[in-house]
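Each chain gets a letter, A, B and so on, in the order the sequences are listed, and its residues count up from 1.
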Protein chains: 2
Amino acid sequence: MPKYKQFDRDKVLEAASVVFHEKGYNGTSIDEILTATGLSRSSLYDSFKDKHNLYLQSLEFYKNVNDKKIQNLDEKNLNGLQKLETMFKSVINHLSEHPDDNGCLLVNAAAEMSKQCFKTSQVVCNNKDEVQNLFSTWISDAEEKKVIKLEKPAKVYGQFFYNTLCGLRVMSQSGAGKTELSNVVKVALDSLN
Amino acid sequence: MPKYKQFDRDKVLEAASVVFHEKGYNGTSIDEILTATGLSRSSLYDSFKDKHNLYLQSLEFYKNVNDKKIQNLDEKNLNGLQKLETMFKSVINHLSEHPDDNGCLLVNAAAEMSKQCFKTSQVVCNNKDEVQNLFSTWISDAEEKKVIKLEKPAKVYGQFFYNTLCGLRVMSQSGAGKTELSNVVKVALDSLN
DNA sequence: AAATATTCGGAATGAATATTCCAAATTGTT
DNA sequence: AACAATTTGGAATATTCATTCCGAATATTT
């Protein structure tokens with residue numbers, strides 16, 4: 001089935017990222033990826049070089065999907081505090097509705113690979129900085145609109161809420177339920193008063 | 001070299017947990033464990049059954065070491081808030097002095113294994129509950145001594161600070177430096193006023 | 001319709017990997 | 001000093017895994 005690519009690159013990366021998300025990099029075999037993506041062995045190696053490269057591309061794909069979700073939220077007509085609240089609400093809903101969903105691929109990648117693969121650490125680190133910055137702009141916005149009053153620079157709260165978010169992902173992988181996660185977010189958001 | 005065990009079981013588990021900590025479960029080979037522990041292949045299988053079993057025992061060993069560190073802190077003559085502050089300070093010092101130290105084995109185990117291995121999830125989940133409870137007692141103590149005033153049950157703050165702690169581990173694996181981590185802790189501790 | 005370019009399936013390869021097994025070594029016991 | 005109990009080193013095994021390679025298939029181009 002040539003002469004042009006017979007598969008949708010994004011769908012392949014999506015399927016691959018699901019497997020990597022479930023089992024981690026070292027825990028997934030090429031065969032598992034083949035059945036998940038429906039690709040043939042040679043197509044995969046032809047188009048994605050090797051497992052490690054596919055992993056990195058899956059990571060970036062996942063990051064882009066995540067970014068888009070957050071940017072959609074960013075474009076809504078809400079003040080920064082509402083955006084933050086909405087974001088946490090949807091994260092908690094997702095985590096509690098999909099308890100089998102293995103946390104967050106980027107967090108798992110940080111844990112499994114960032115100290116062994118520089119490129120992984122770059123993706124993970126960029127994600128951290130971008131999300132922190134976005135949170136900071138939300139918080140600045142809320143302050144300018146006099147919805148909240150800050151005792152520290154907005155940047156610091158961006159760091160704090162990113163930390164809270166990472167914690168949620170780990171806690172849900174450690175068996176925390178919805179009320180537990182909600183409690184955490186409530187206390188965290190209280191820091192803005 | 002018989003007739004009794006020629007190796008110190010705790011030292012083996014300590015060495016094994018270091019390797020698992022660096023490379024994860026699927027990322028470490030038996031050979032790496034053999035060189036790290038100095039054990040022979042047959043001794044390892046004789047005494048620890050197999051890789052998976054050794055991993056679980058290493059996890060529990062690591063958890064015990066962690067527990068003891070925290071309990072040492074618990075026995076000091078400080079109020080609960082001071083204990084919390086000291087704990088965070090030492091975690092941040094450790095993370096920033098050992099940037100190559102791959103986060104926390106228990107957090108990494110949660111990310112890599114908890115959805116694939118029930119026993120791992122048990123260890124990780126128990127650790128979460130124990131640490132949360134300890135934090136809660138510290139916070140209750142600080143409230144009773146009128147050092148702080150709480151707007152929510154102490155238990156909720158225990159959950160919140162455990163979440164903060166998990167976040168720190170992930171953030172340090174994502175390239176966060178000392179000031180960033182300190183900022184997070186400052187905002188988190190402000191929630192107690 | 002022939003040529004071209006590219007994909008794809010699956011067998012083949014070779015390297016790692018976890019685990020087993022046996023004989024040699026060693027120390028405590030009699 | 002011989003025996004018993006157990007560890008240990010290292011070879012052997014069997015499995016899994018990532019990667020390569022070749023020939024068949026097919027859609028576009030000429």
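Side-chain contact check for A/Phe135 versus A/Leu165: some heavy-atom pair is nearer than 4.5 Å.
Nearest nucleotide to the B/Lys51 side chain, out of D/dC17, C/dT19, D/dT19: C/dT19. Considering only the side chain of B/Arg41, D/dG10 comes nearest among D/dT8, C/dA11, D/dG10. Residue A/Ser43 has its side chain nearest to C/dC8 when only C/dT19, D/dC17, C/dC8 are considered.
Here the P atom of nucleotide D/dT15 and the CG atom of B/Asp50 are 17 Å apart, to the nearest Å. One atom, CZ of B/Phe48, and another, C1' of D/dT7, lie 13 Å apart when rounded to the nearest Å. Put simply, OH on A/Tyr25 is 11 Å from C1' on D/dC17, counting in whole angstrom units. The distance from atom CZ of B/Arg9 to atom P of D/dT6 is 17 Å, rounded to the nearest whole Å. At whole-Å resolution of the value, OH in A/Tyr45 and P in C/dT13 are 17 Å apart. For the pair B/Glu32 CD and C/dA16 P, the interatomic distance rounds to 12 Å; values are reported in whole Å. Spacing between atom CG of B/Leu44 and atom C1' of C/dC21 amounts to 16 Å, rounded to whole angstrom units. Atom CG in B/Leu34 sits roughly 12 Å away from atom C1' in D/dT8 (whole-Å rounding).
Comparing A/His52 and B/Ser47 along DNA chain D, the residue whose closest nucleotide (by nearest heavy atom) sits nearer the 5' end is B/Ser47. Nearest-nucleotide positions on DNA chain C place A/Phe7 closer to the 5' end than the other of A/Phe7 and B/Ser42.
Contact between the side-chain N/O atoms of A/Ser40 and the OP1/OP2 oxygens of C/dC8 is not found at any separation under 4.0 Å.
By the 30° and 60° cut-offs, the orientation of the rings of B/His52 relative to B/Tyr25 is perpendicular.
Counting only N and O atoms by type, the side chains of A/Gln116 and B/Glu22 include no donor and acceptor under 3.5 Å apart.
The environment of B/Glu151 atom CD is sparse: at most 12 non-hydrogen atoms of other residues, nucleotides or ligands sit within 6.0 angstrom.
Within 4.0 Å (heavy atoms only), B/Asp46 reaches at least one base atom of the nucleic acid.
Checking each of B/Lys152, B/Lys155, B/Gln159 against A/Asn183 for a side-chain hydrogen bond (donor to acceptor under 3.5 Å, both in side chains) leaves exactly one that passes, namely B/Gln159.
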